[in-house]
2 protein chains.
Amino acid sequence: METYTEVRKFVSRFVILNEEEWNAVLPLIKTRYLKKNDYFVREGEVAKYISFTEEGYLRVLYNHDGTEITRDISPLHSFVTALPSFISHKPSFEIIQAITDCKLFIIYRDDLENLYNHYINWQKVGRRIMEEMFVETQNRIYSFITQSAEMRYKEMMNKFPDIFLHVPLQYIASYLGITSQSLSRLRKSIQFSEE
Amino acid sequence: METYTEVRKFVSRFVILNEEEWNAVLPLIKTRYLKKNDYFVREGEVAKYISFTEEGYLRVLYNHDGTEITRDISPLHSFVTALPSFISHKPSFEIIQAITDCKLFIIYRDDLENLYNHYINWQKVGRRIMEEMFVETQNRIYSFITQSAEMRYKEMMNKFPDIFLHVPLQYIASYLGITSQSLSRLRKSIQFSEE
DNA sequence: GCTTTCTTTTAACAAATGGTAAAAAAGTAC
DNA sequence: GTACTTTTTTACCATTTGTTAAAAGAAAGC
């Protein structure tokens, strides 16, 4: 029997739920395993679930004139979905793919909607998580405006050191907004300036 | 007596409220006028209100080593606050300033919190608006990753033509992530390629 | 209206990043 | 283990954007 310890820890950062509220979500959670490179959301498919990365890393990308643009790499123990599709019920231009083998906890959109509509505190959880993710994304905007690629790279190393152990550099380069050749050059120059 | 037509229109895009729910917000809304260059949130001040720009334009900026970085320019009829401060109750590093004379509808954080806690549908409005703003911000991340400054400029021209009538170019340059000199050069080269 | 201040533009050079191509390294499949 | 595929690195040149400084233009104050 799953205990969903990490999910509960995550949710508790925003709203403290009583036992009834917490128990309401338990029957809605399914477990899904993905192998490396499997898709969680394919291009053109409607995103019907939200997922929590219990184990492993996902990336959110899209196809830009044949080039894969990685917009996000999910940290461990975070919620991920292709939000534009999830909220509009329209086909997703965003693709979600497993970077490593993954164990995901997923909830159907309709189940989540139900939960939201029956429990004001779950509605609040949804709002608070969105607020937090919005602020995170704003900070990333600031980093694009004010920082060089090198600084963005170094900050990412500090903030998510574990990601560098599991995620190909080309995805990281795209996340940082540069080509993998530029990232390679950056890494080389950093290496020399450190020695 | 204010009718808050634009606010209602905005909110209705997300959730249809019944009269009781709608009426609940009316006593919470205050009107505030700002002159050009007045501050809505000062640096170091806690953001105690959210505002809706009934008239005029606000910008969200912060001080980066003495340079003002404009992270956002509010379109007409949109909600604005310094969210990190608003949700954490901590002093704001973000500054919100009037670019033009403004008429704002504002709601105190505590009043809004109350509204959220008494009406699940208002909680839902908050969540849905946050989702939407999050998606908007994600799209801006994509534009930083995939587009040149010139393309970002052109897209902004298409999307917010009114902003260019009211907002100094230096703020727009910062919003686009470039210097005002670079924007000036861009505009010149676009002008020649059009003729 | 004149002066002062702030904003925008211009220019020349510097630095950062992209594009193309190919080699090297690492990972995967059989 | 070998062949094959994918990822990362290297190199060279092109392009974009930044930096510094100054001039031109526009707005604000008196």
Side-chain angles (χ1 to χ4, degrees), chain A residues 35-38 57 59 61 64-70 73 97-101 141-157 163-195, chain B residues 35-38 57 59 61 64-70 73 97-101 141-157 163-195:
Chain A
K35 285 282 173 201
K36 182 175 171 179
N37 293 332
D38 281 356
Y57 297 87
R59 69 175 179 134
L61 65 142
H64 179 77
D65 307 337
T67 314
E68 291 184 342
I69 304 297
T70 298
I73 298 169
Q97 187 179 26
I99 299 174
T100 60
D101 291 356
I141 300 263
Y142 275 126
S143 79
F144 274 109
I145 297 180
T146 60
Q147 302 190 312
S148 64
E150 179 175 339
M151 288 194 285
R152 294 202 297 280
Y153 171 74
K154 284 179 172 171
E155 277 205 353
M156 192 178 172
M157 285 279 272
I163 283 185
F164 287 80
L165 303 173
H166 302 290
V167 177
L169 288 170
Q170 51 181 333
Y171 300 165
I172 291 172
S174 175
Y175 177 91
L176 293 170
I178 57 178
T179 60
S180 59
Q181 291 91 325
S182 293
L183 178 56
S184 200
R185 177 169 40 200
L186 272 184
R187 285 160 54 84
K188 192 178 175 185
S189 81
I190 289 168
Q191 175 193 332
F192 279 111
S193 67
E194 275 175 351
E195 287 172 294
Chain B
K35 287 280 174 206
K36 182 175 171 179
N37 293 332
D38 281 357
Y57 298 87
R59 67 173 181 137
L61 66 143
H64 178 78
D65 306 337
T67 314
E68 291 183 343
I69 304 297
T70 297
I73 299 169
Q97 189 180 24
I99 299 175
T100 61
D101 292 357
I141 301 264
Y142 276 126
S143 79
F144 275 110
I145 297 181
T146 62
Q147 302 190 313
S148 65
E150 180 176 337
M151 289 195 287
R152 294 202 297 278
Y153 171 74
K154 285 178 171 172
E155 277 207 351
M156 192 178 172
M157 284 279 272
I163 283 185
F164 287 80
L165 303 173
H166 303 290
V167 177
L169 288 169
Q170 51 182 331
Y171 301 165
I172 291 173
S174 175
Y175 177 89
L176 293 171
I178 58 178
T179 61
S180 59
Q181 292 91 324
S182 292
L183 179 56
S184 201
R185 177 168 41 197
L186 271 185
R187 285 159 55 85
K188 192 180 178 186
S189 81
I190 288 169
Q191 175 193 332
F192 279 111
S193 67
E194 275 174 352
E195 290 172 294

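First the proteins, then the strands, lettered A, B, ... as listed; each starts at 1.
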Below 3.5 Å, can you tabulate the donor-acceptor pairs from side chains in residues 167-179 of chain A to any protein atom, sequence neighbours excluded?
unit_1	atom_1	unit_2	atom_2	d
A:Ser174	OG	A:Thr70	N	2.7
A:Thr179	OG1	A:Ser182	N	3.2
A:Thr179	OG1	A:Ser182	OG	3.1

Grab the N/O contacts between the protein and nucleotides 6-16 of chain D below 3.5 Å, and write none if there aren't any.
unit_1	atom_1	unit_2	atom_2	d
D:dT7	OP1	A:Gln170	NE2	3.2
D:dT7	O5'	A:Gln170	NE2	3.1
D:dT8	OP1	A:Leu169	N	2.7
D:dT8	OP2	A:Leu169	N	3.3
D:dT8	OP2	A:Gln170	N	3.0
D:dT9	OP2	A:Ser184	OG	3.1
D:dT9	O5'	A:Ser184	OG	3.0
D:dA11	OP2	A:Lys188	NZ	3.4

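- Across the protein-nucleic acid pair, B:Ile145 atom CD1 and C:dT17 atom P stand 14 Å apart, rounded to whole Å.
- Whole-Å rounding puts the B:Ile172 CD1 to C:dT9 C1' distance at 15 Å.
- Taking the six-membered ring where the residue is Trp, A:Phe164 and A:Tyr153 present perpendicular rings, their angle passing 60° and hence far from 30°.
- When rounded to the nearest whole Å, the span between NZ of A:Lys36 and C1' of C:dA26 equals 11 Å.
- B:Phe164 places its CZ atom 12 Å from the P atom of C:dT8, with the value rounded to the nearest Å.
- In this structure, the CD1 atom of B:Ile178 is 17 Å from the C1' atom of C:dA15, given to the nearest Å.
- Whole-Å rounding puts the A:Leu186 CG to C:dA16 P distance at 10 Å.
- In this structure, B:Met157 and B:Ile190 have side chains that are not in contact, with every pair of non-hydrogen atoms separated by 4.5 Å or more.
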Begin with the C-alpha distance, continue with both residues' side-chain angles, and end with the deciding distance and a verdict on side-chain contact (heavy atoms from CB on, under 4.5 Å) for B:Lys36 and B:Asp101. CA-CA 5 Å; B:Lys36 182 175 171 179; B:Asp101 292 357; 3.6 Å; yes
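- B:Ser148 has its side chain within reach of B:Met151: a pair of non-hydrogen atoms, C-beta onward, lies under 4.5 Å apart.
- Here the P atom of nucleotide C:dT7 and the CD1 atom of B:Ile99 are 12 Å apart, to the nearest Å.
- Side-chain contact between A:Ile99 and A:His166 is absent, with no heavy atoms from C-beta onward closer than 4.5 Å.
- For the pair A:Phe144 CZ and C:dT17 C1', the computed distance is 13 Å after rounding to whole Å.
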